[in-house]
Amino acid sequence: MNKDYETYQLKWDGIDIEIRWARHWLDFDDEASMGHLEICSIGPEKHPLPMTETGYRSHFIHAQELDQHGGPENYVEAWLANESQSEAWIDCKADFQQLALF
């Protein structure tokens, strides 16, 4: 088990996001790897994201699957784009925009 993380920064919809990726979190005998992806909103800190109300998400994924999406940043951007279409996120975003008026 190798828990060395690569760190990436992403700005999405005005939110600064840190992505941490450990490609070889768990290696299997068939040479496949289970990776660990951490997604955390850092500006504003703990701001909800489409896939997490707390601003933090831990996600395990086969490294090969993440590679098929072009790496951690592309994977997270695609995930955000997909989840941002949900009614729950649209409602959450509207609530935050309403609070900004006061």
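Count residues from 1 along the sequence.
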Test log, rule side-chain hydrogen bond (donor to acceptor under 3.5 Å, both in side chains), inputs Tyr8 and Glu6: CA-CA 7 Å; Tyr8 303 89; Glu6 299 171 5; 2.3 Å; yes

With distance as the sole test, does [X] use its side chain to make a donor-acceptor pair with the main-chain N or O of [Y] at under 3.5 Å?
| X | Y | answer |
| --- | --- | --- |
| Ser84 | Ala81 | yes |
| Ser41 | His47 | yes |
| Ser33 | Gly35 | no |

Trace of the ring pair (Phe, Tyr, Trp, His ring centres under 6.0 Å) decision for Phe60 with Trp25: CA-CA 9 Å; Phe60 292 91; Trp25 198 86; 4.9 Å; yes

I'd like to check [X] versus [Y] (side-chain heavy atoms, cut-off strictly below 4.5 Å). Are they in contact?
| X | Y | answer |
| --- | --- | --- |
| Glu87 | Ile90 | no |
| Leu66 | Pro72 | yes |
| Thr7 | Ile19 | no |
| Glu77 | Leu10 | yes |

So, using salt bridge (charged side-chain N to carboxylate O under 4.0 Å, His left out) as the criterion, who are the partners of Glu38 when residues are at least two apart? Arg20

Would you compute the distance between atom CD1 of Ile17 and atom CD of Glu73 and round it to the nearest 0.5 angstrom?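 One gets 11.0 Å once the value is rounded to the nearest 0.5 Å.
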
CD of Glu53 to CH2 of Trp89, rounded to nearest 0.5 Å, is 10.0 Å

Does the gap between the ring centers of His69 and Trp79 come in under 6.0 Å?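 Aromatic pair excluded; centres sit 6.0 Å or further apart.
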
Kindly indicate, with the supporting measurements, whether the criterion side chain to side chain contact (heavy atoms under 4.5 Å, CB included) is fulfilled by Arg57 and Leu49. CA-CA 9 Å; Arg57 178 72 183 252; Leu49 297 168; over 6 Å; no

For Val76 and Leu37, which heavy atoms make the closest approach, and how far apart are they? CG2-CD2, 4.0 Å

Minimum heavy-atom distance between Pro50 and Leu80, given as atom pair plus value: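 For Pro50 and Leu80, the tightest heavy-atom pair comes out as CD-CD2, 3.5 Å.
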
Around atom CD of Gln64, are there more than 12 heavy atoms from other residues, nucleotides or ligands closer than 6.0 Å? yes

Pair Asp67 + Arg23: basic N to acidic O under 4.0 Å: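 A salt bridge is present here (some side-chain N lies under 4.0 Å from a carboxylate O).
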
